[in-house]
Amino acid sequence: MMSPRFLLLRSVASMSTRAFSRGPVSLQGKAPDMSEVRNRLRQIVGASTNWRDHQQALADRLSLSSQLAASQEELPVRRMKDSYIEAHLPLGTDPKLREKYLNYHKGVRFGRILEDLDSLAVLICYSHTHDKALPRSPLSIVTALVDKIDMRKQIIHPDCDIKFTGHVTWVGKSSIEAKMHMFQYHEGAYTQVLDATFVMVARDPENKRAAFVNPLKPEGPEEEKLFQQGEVNKTRRVELSTASLLKVAPTDEERKIIHSLFLNTLDTKTVSFRSRVLPPNSVWMEDAKVKGLEICHPQERNIFNRIFGGFLMRKAYELGWANACSYGGCRPSLVAVDDILFQKPVEIGSLLLLSSQVCYTDGKYIQVRVHTEVLDPLTRQHNTTNVFHFTFVTDKDVPNIMPQSYGESMLYLDGKRHFNQTLKSQ
Ligand SMILES: CCCCCCCCCC(=O)SCCNC(=O)CCNC(=O)[C@H](O)C(C)(C)COP(=O)(O)OP(=O)(O)OC[C@H]1O[C@@H](n2cnc3c(N)ncnc32)[C@H](O)[C@@H]1OP(=O)(O)O
């Protein structure tokens, strides 16, 4: 039986033809491939194709400020089908493209898929906010959050065509939730590989302050449900942020977990709080880190001359995967991506420090957190730009991760919260 999600997708897809041919992604009526998606984004904002022209392109965009709406009410209401997009990644039919996506293990580089989802989410939002009367959009639409990516299949074939679909499911004043689905053509049919929910934020042409986006009117019970889920997601995010362990103490149950881990690691031969012994089949958290550095070259810029969010996700994912791989001693598969927060833009030329940590384990599962920060070499100041959460699974049980310090215990609990959230949605 087909899943309700898939039925919904089909129903939106079937009513999308008119929207698709009127929307800004129309390319002689056929669905674009991912390079066309990126080219279309460049056209929509008037991005420079050469780095030497980027200052001029930025100056040209400044003049678009006068086209921003003064209130949300003055913008026309949009329907979900107005932003519906289908895009293709012809891995099966384009061998040159396949090389870019292929990993050593004859699978697909998931980091590349993250880049494509990010680009597609931006184009979906520009379709929602499209104004026929304007040749260029005054909005700078940036990725604020990857709320969730749930894998429905663990194997992505490198030689079969991929199809992405997606549309806006909820809007606030300046924020937009976009849901996307990925399918792969295998053994004569398209089957679902993943579902993704991104939150994007519209900013002025200089990317300095929030800008209003068109309201969204759900049509019919299925769209109402999606819209309400968007509201629920927003409330959940606020609640999670309020209960963050960086702000408030752990719950009673969590405190008991940490104390029991502490008791399990005490050296029974000494009467000391300090001497700790690693239990069998365990690894100290301190020994489960992998770090990396990226110099942020202009090649990785987005349409607003900052570092492309998809590139940051790819780098963080690959580091997190390498950490899980060395921790588990075998190739892990991705189960879910959860709550990727884009706190601050990364400027071109930055030194980006990436730090990945195995923060929670449960049987075959490994929860990895990747933290990125930019380092100003002159002032030696560090600024957090992103935090990423990945859940991996391996084919055998992995050692238990063991926190030692109070800070590590909070990382452990945060990892456990993310892991439980992932299990709930599976
Ligand atoms: C060349 C080919 C490439 C083509 C691809 C193009 C892709 C381009 C996309 C990107 O690459 S973007 C790059 C990665 N993303 C960033 O660099 C964003 C970095 N983060 C920020 O700049 C700020 O944190 C952000 C603009 C997201 C939010 O800033 P603020 O917190 O000051 O926002 P503000 O308080 O003004 O709130 C504005 C809205 O954002 C919402 N918001 C802010 N942070 C959020 C969050 N974390 N989650 C959900 N919503 C969030 C907030 O609720 C509010 O919604 P409403 O207006 O609807 O009420």
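The structure displayed is predicted, hence computed values, not measured ones.
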Asker: Dump the intermediate steps for ring pair (Phe, Tyr, Trp, His ring centres under 6.0 Å) on F419 and Y365, then the final yes or no.
Answerer: CA-CA 9 Å; F419 178 70; Y365 291 95; 5.2 Å; yes
Asker: T372 and side-chain hydrogen bond (donor to acceptor under 3.5 Å, both in side chains): which single residue from N386, T384, N383 fits?
Answerer: N386
Asker: So do N305 and L58 actually touch side chain to side chain, heavy atoms under 4.5 Å?
Answerer: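 Sidechains of N305 and L58: in contact.
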Asker: Does the side chain of L97 come within less than 4.5 Å of L89's, by heavy atoms?
Answerer: yes
Asker: Going through the distances and angles, do V199 and I176 end up as a side chain to side chain contact (heavy atoms under 4.5 Å, CB included)?
Answerer: CA-CA 6 Å; V199 181; I176 303 179; over 6 Å; no
Asker: Assess the residue pair D147 and R237 against the criterion (salt bridge (charged side-chain N to carboxylate O under 4.0 Å, His left out)); give the C-alpha distance rounded to whole Å, side-chain angles, the decisive distance to 0.1 Å, and a yes or no.
Answerer: CA-CA 9 Å; D147 186 72; R237 285 192 285 268; 2.9 Å; yes
Asker: As a quick check of understanding, evaluate side chain to side chain contact (heavy atoms under 4.5 Å, CB included) for R98 and D159, giving each step before the final call.
Answerer: CA-CA 7 Å; R98 199 180 304 151; D159 51 359; 4.0 Å; yes
Asker: What I'd like to find out is whether the side chain of I44 reaches to under 4.5 Å of the side chain of H130, using heavy atoms alone.
Answerer: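 The answer is no; the side chains never approach within 4.5 Å.
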Asker: Are the aromatic ring centres of F110 and Y317 under 6.0 angstrom apart?
Answerer: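 When the ring centroids of F110 and Y317 are compared, they turn out to be within the sub-6.0 Å range.
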Asker: I want to check something: taking the side chain as every heavy atom from C-beta on, are S175 and W170 in contact at a cut-off of under 4.5 Å?
Answerer: yes
Asker: Looking at every non-hydrogen atom in both residues, tell me the closest pair between P76 and P215 and how far apart they are.
Answerer: O-CD, 3.7 Å
Asker: Quick one: closest heavy-atom pair of D414 and R369, and the distance?
Answerer: OD2-NE, 4.2 Å
